[in-house]
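Before any comments, here is the structure.
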Amino acid sequence: MPWLLDMPHAQARALLAAGAPVFLPVNPVEYHGPHLSLHNDALISRGLARDIHAELTQSEGDWPCLVASDLEVGVDPCPGPGTRATSFRQVRSLVLEACRRLVELGARRVVLVTFHGSPLHSLALDAGVRWLTAHGVRALAPLNLLLRAMLDIRAEDYADVYATIPDDVERAAAMAEAPTDFHAGLFETSISLHYAPDSVDPNYTRLPPCPPIVPDRTLLAASRAAQRLGRSQLARELHFAATGKGWYALRPFPAYTSRPHLASREAGAAIARYMAREFAATTARVLRGDEVPPAPIMNWMVPVTLGGGVSSGCIPLEAIAVNPSQAF
């Protein structure tokens, strides 16, 4: 995978001038439980970039897969040993600066890739997408497609993923927990096994399930009020936020959701096919100018958090279950 910034300057400029898209990864160094690496989001992003590029070459041009250096920053990363937190304002500023320099280098198409699902993180990336678009560069952040899908996720839509779980009881439990499987759980661990198997500790199979998540009552009430007012999108977003806050309230805090012990490379391959197909199709349309970039969810997070100044994940290290049930 060619790293754009490692190339001779003239070669990089020539490729960008010819229209080759460049992938700009923006991922935190983040704790994903004891079984995954601190670079997990970056590893998955690289795999997604390769898959998206492979799909693009079939219809858009036979360019090399150009990847800029990962910025290694992220808003509201999961607390834990080794996590590096960066503010919304800092991430937004760094993303904008990277986008400006790519355009200065000659970029005409930019794909901002991340696998970090914090809404504020997505909004920081969206600032880069909007700046690029305003300056005549076609750009998008494909993860917004996945985050929108998570607001309405239905386990039956991923039947081939859950079919990899042989035990009927475990399969039913995992399917019931699909709406809360958003960090280092069955889905993300499976994707990691697919894209970066050497980064996954084999003892993941011994991890206990995440305890039941009780959604935050205040946010849940706000979600119900929004639904009564006919604001269905806002209601789904508030329910998602209520679940996230309920997860952070677990003690000890597991730092993963759902059932990572059920993960498999087979499930990861199935999930990757879903994402790569959808991400690549949308990326192709946006880079051709046929479609606007997918919008991020929860735009209200910026004013509600005073521009990202209010953190949502203050958990002391002693409250984190670094070795759940002594599995590691």
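Predicted model only: the values in this text are computed from it and were never measured.
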Using atom types as modelled and distance alone, determine if a side-chain donor or acceptor of [X] lies under 3.5 Å from a backbone N or O of [Y].
X    : Y    : answer
R138 : V111 : no
R285 : E291 : no
R259 : G185 : no
D167 : E170 : yes
T164 : V161 : yes
T83  : C78  : yes
N203 : R206 : no

Per the side-chain contact (heavy atoms from CB on, under 4.5 Å) rule, which among V95, V103, V137 passes with W131?
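Going through the options one by one, the only one that passes is V103.
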
Pick out which of S37, P77, S118 makes a side-chain contact (heavy atoms from CB on, under 4.5 Å) with E30.
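For E30, the side-chain contact (heavy atoms from CB on, under 4.5 Å) check succeeds only for P77.
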
Salt bridge present between R277 and E55 (N-O < 4.0 angstrom)
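E55 and R277: not salt-bridged.
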
Pair R101 + E97, salt bridge at N-O below 4.0 Å
yes

For [X], look at atom [atom1] and say whether over 12 heavy atoms of other residues, nucleotides or ligands are found less than 6.0 Å away.
X    : atom1 : result
R217 : CZ    : no
R109 : CZ    : yes
R231 : CZ    : no
H194 : NE2   : yes

Transitively linked via ILVMFWY side-chain contacts under 4.5 Å: [X] with [Y]?
X    : Y    : answer
W63  : L105 : no
L43  : M275 : no
L5   : L15  : yes
V22  : W3   : yes
W300 : F240 : yes

How are the rings of W247 and H183 set relative to one another: parallel (under 30°), tilted (30 to 60°) or perpendicular (over 60°)?
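Tilted.
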
How far apart are the closest heavy atoms of [X] and [Y], and which atoms are they?
X    : Y    : answer
G244 : F182 : CA-CZ, 4.2 Å
I44  : S192 : CD1-OG, 3.7 Å
L38  : P81  : CD2-O, 3.6 Å
S258 : E177 : CA-OE1, 3.6 Å
L125 : L112 : O-CD2, 3.9 Å
D41  : H32  : OD1-NE2, 3.2 Å

Pair H39, N27 - check side-chain hydrogen bond (donor to acceptor under 3.5 Å, both in side chains), show working.
CA-CA 8 Å; H39 263 167; N27 295 284; over 6 Å; no

Applying side-chain contact (heavy atoms from CB on, under 4.5 Å), run through T283 and I52 and close with a yes or a no.
CA-CA 8 Å; T283 297; I52 293 171; 4.1 Å; yes

Just to verify, what does D168 make a salt bridge (Lys or Arg N to Asp or Glu O under 4.0 Å) with, not counting sequence neighbours?
R171

With sequence neighbours excluded, tell me which residues meet side-chain hydrogen bond (donor to acceptor under 3.5 Å, both in side chains) with D290.
R288

Which residues satisfy the side-chain hydrogen bond (donor to acceptor under 3.5 Å, both in side chains) test with Q233, sequence neighbours excluded?
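In terms of side-chain hydrogen bond (donor to acceptor under 3.5 Å, both in side chains), with neighbours along the sequence ignored, Q233 is linked to R236, E237.
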
Quick check on the 6.0 Å ring-centre criterion: do F187 and Y158 meet it?
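Yes, ring centres under 6.0 Å apart.
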
Tell me, do [X] and [Y] make a side-chain contact under 4.5 Å, heavy atoms counted?
X    : Y    : result
V26  : H121 : yes
T305 : F88  : no
P215 : K245 : no

Would you sort out whether T57 and D62 count as a side-chain hydrogen bond (donor to acceptor under 3.5 Å, both in side chains), showing the intermediate values?
CA-CA 5 Å; T57 57; D62 190 19; 5.4 Å; no

Pair Q90-S87, side-chain hydrogen bond (donor to acceptor under 3.5 Å, both in side chains): steps then yes or no:
CA-CA 5 Å; Q90 287 175 307; S87 73; 3.2 Å; yes

Pair D160-Y274, side-chain hydrogen bond (donor to acceptor under 3.5 Å, both in side chains): steps then yes or no
CA-CA 11 Å; D160 53 343; Y274 281 117; 2.7 Å; yes

